[in-house]
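Quick one: the structure is below, and I'll ask about it shortly.
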Amino acid sequence: MNELSVLRRALQWCEDGHQTVLATVVRTWGSAPRQVGSHMAIRDGGDFEGSVSGGCVEGATIQAAQEVLHTGESRQIAFGVSTEDAWTVGLACGGEIEIFLTPVDTALLTEVIQAITARTPIQVRWHQGAAQVEPLTRHHGKAVDTSADAVIRRYPPRLRMVIVGASHIAQALAPMAALLDYAVHVVDPRSAFTAANRWPNAQVHTTYADEWVEDFPLDSHTAVVVLSHDPKIDDPGLEVALSSDVFYIGALGSRRSHAARRARLTATGHPPEALDRIHGPVGLDIGAATPAEIATAILAECTQVLRKGQPE
């Protein structure tokens with residue numbers, strides 16, 4: 001379950017008249033199993049959605065949330081091997097975790113969810129018991145910052161993968177990308193390739209990429225992967241990707257076909273430094289042979305660029 005699903009459940013509880021607390025992982029050390037920024041919503045009565053530790057400290061977090069509901073005041077709690085609670089809460093494997101708990105209301109959750117859905121980058125600043133939604137500039141870094149008197153949770157747009165070309169490799173890539181919480185879009189003008197039942201993990205668009213972007217503008221939280229191996233389909237996808245600030249562009253094909261691709265794109269006015277953004281042949285060189293292996297190599301390279309930036 002992704003964090004947006006947790007926020008939506010919390011909003012539903014608020015709209016139904018329940019008092020609700022949002023728990024957020026703000027710091028981790030060692031082998032804590034959930035990443036910073038992970039959410040868990042807890043309502044009066046103890047029902048909860050999401051996870052802050054994969055099960056280790058959920059019980060203690062729910063108990064602390066009931067106290068927050070009683071006092072109406074935010075608080076932070078910490079668990080780890082250095083505290084007397086370590087064995088009790090299940091982090092004796094060596095991890096430590098710090099969690100921020102705060103009451104939330106319908107107005108805040110509605111504003112946050114609308115921004116996330118619209119792919120508008122925002123952050124929420126909790127300061128002295130008050131929450132404020134603020135704009136967020138381009139960001140691929142820390143999800144949470146804390147200080148002595150404030151907690152900031154950043155909400156960049158959900159990662160999105162645009163797969164141009166509904167090929168057999170695309171069929172392996174789409175569900176894998178969905179597992180990494182990408183919103184997956186498959187774009188291909190060939191209706192025989194875009195039957196919805198072939199793409200349970202993706203939104204399918206039977207059109208060319210340069211037409212698709214008119215309704216779905218590209219942004220810096222998007223990866224574009226062209227896989228049809230047909231220039232009539234692939235090149236429009238590369239054209240729109242090169243004209244945007246997507247963080248990753250990948251193109252299927254041999255070194256020879258990639259050289260021909262660069263020549264075509266050069267002829268349409270793209271300089272060499274722009275074409276260097278294209279990862280071609282696509283994917284890390286792991287000796288991949290099958291569609292699933294190639295998809296694995298693509299996602300590995302995409303993750304590497306997302307987290308470490310373009311290689312030198």
Side-chain angles (χ1 to χ4, degrees), residues 1-6 34-35 37-38 116-117 119 121 139-140 143 155-190 193-209 212-213 215-229 233-234 236-238 240-242 244-253 277-311:
M1 175 167 291
N2 61 44
E3 309 312 316
L4 179 57
S5 298
V6 176
R34 290 284 281 157
Q35 65 184 7
S38 297
I116 294 173
T117 304
R119 298 185 65 79
H139 168 73
H140 290 310
Y155 295 95
R158 183 183 178 188
L159 292 175
R160 179 174 55 176
M161 179 170 287
V162 180
I163 302 173
V164 178
S167 65
H168 57 303
I169 295 172
Q171 282 190 283
L173 179 60
M176 290 185 183
L179 282 174
L180 294 183
D181 199 31
Y182 282 85
V184 182
H185 295 261
V186 176
V187 183
D188 193 309
R190 301 168 295 183
F193 288 70
T194 55
N197 64 327
R198 299 178 69 227
W199 307 98
N201 305 100
Q203 296 183 50
V204 183
H205 311 270
T206 308
T207 185
Y208 288 93
W212 177 82
V213 296
D215 296 317
F216 297 88
L218 301 177
D219 58 37
S220 64
H221 295 82
T222 301
V224 175
V225 184
V226 299
L227 297 176
S228 80
H229 218 16
I233 297 172
D234 285 349
L238 292 170
V240 296
L242 289 168
S244 72
D245 62 348
V246 296
F247 75 88
Y248 177 84
I249 307 172
L252 182 70
R277 295 175 61 199
I278 303 173
H279 295 262
V282 68
L284 293 183
D285 185 6
I286 60 173
T290 68
E293 289 175 351
I294 295 169
T296 299
I298 293 170
L299 280 172
E301 185 175 62
C302 190
T303 302
Q304 181 183 64
V305 172
L306 174 68
R307 301 304 178 192
K308 293 186 175 183
Q310 295 283 357

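The chain is numbered in sequence order, starting from 1.
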Quiz item: Would you say the side chain of Leu159 lies within less than 4.5 Å of the side chain of Leu306, judging by non-hydrogen atoms?
Solution: yes
Exercise. Output the distance between atom OG (Ser228) and atom CZ (Arg190), rounded to the nearest 0.5 Å.
Key: 5.5 Å
Exercise. Keeping the roles fixed (side chain from Arg160, backbone from His221), state whether a donor-acceptor pair exists under 3.5 Å.
Key: no
Quiz item: Just by distance, do the side chain of Arg158 and the backbone of Asp181 share a donor-acceptor pair under 3.5 Å?
Solution: yes
Quiz item: Rounded to the nearest 0.5 Å, how far does CH2 of Trp212 lie from OG1 of Thr206?
Solution: 13.5 Å
Quiz item: Is there side-chain contact between Ile233 and Pro189, with heavy atoms separated by less than 4.5 Å?
Solution: yes
Quiz prompt | Note, Arg198 side chain near Phe193 side chain (heavy atom, < 4.5 Å) | solution = yes
Quiz item: Would you call Leu238 and Val226 a side-chain contact if the rule is heavy atoms closer than 4.5 Å?
Solution: yes
Quiz item: Would you say the side-chain atoms of Arg119 pair up with the backbone N or O of Pro217, donor to acceptor, closer than 3.5 Å?
Solution: no
Quiz item: Is there a side-chain contact between Glu293 and Ile286, using heavy atoms and a 4.5 Å cut-off?
Solution: no
Self-check item: Pairwise side-chain contact, Asn201 with Tyr182, heavy-atom cut-off 4.5 Å (strictly under)
Solution: no
Quiz item: In terms of the angle between their ring planes, are His185 and Phe216 parallel, tilted or perpendicular, with boundaries placed at 30° and 60°?
Solution: tilted
Exercise. Drop me the distance from Tyr248's OH to Thr222's OG1, to the nearest 0.5 angstrom.
Key: 14.0 Å
Quiz item: Is there a side-chain contact between Val184 and Trp199, using heavy atoms and a 4.5 Å cut-off?
Solution: no
Quiz item: Any idea which heavy atoms bring His229 and Asp234 closest together, and the distance?
Solution: N-OD2, 3.0 Å
Quiz item: Between Tyr155 and Glu3, does any side-chain donor sit less than 3.5 Å from a side-chain acceptor?
Solution: no
Quiz item: Within a strict 4.5 Å, meaning less than it, do heavy atoms of the His205 and Asp215 side chains meet?
Solution: no
Practice problem: Heavy atoms only: give me the nearest Ala202-Ala174 pair and the separation to one decimal. | Solution: CB-CB, 4.5 Å
Practice problem: Check Leu173, Val164, Val186, Ile294 against Leu227 for a side chain to side chain contact (heavy atoms under 4.5 Å, CB included) and give me the one that passes. | Solution: Leu173
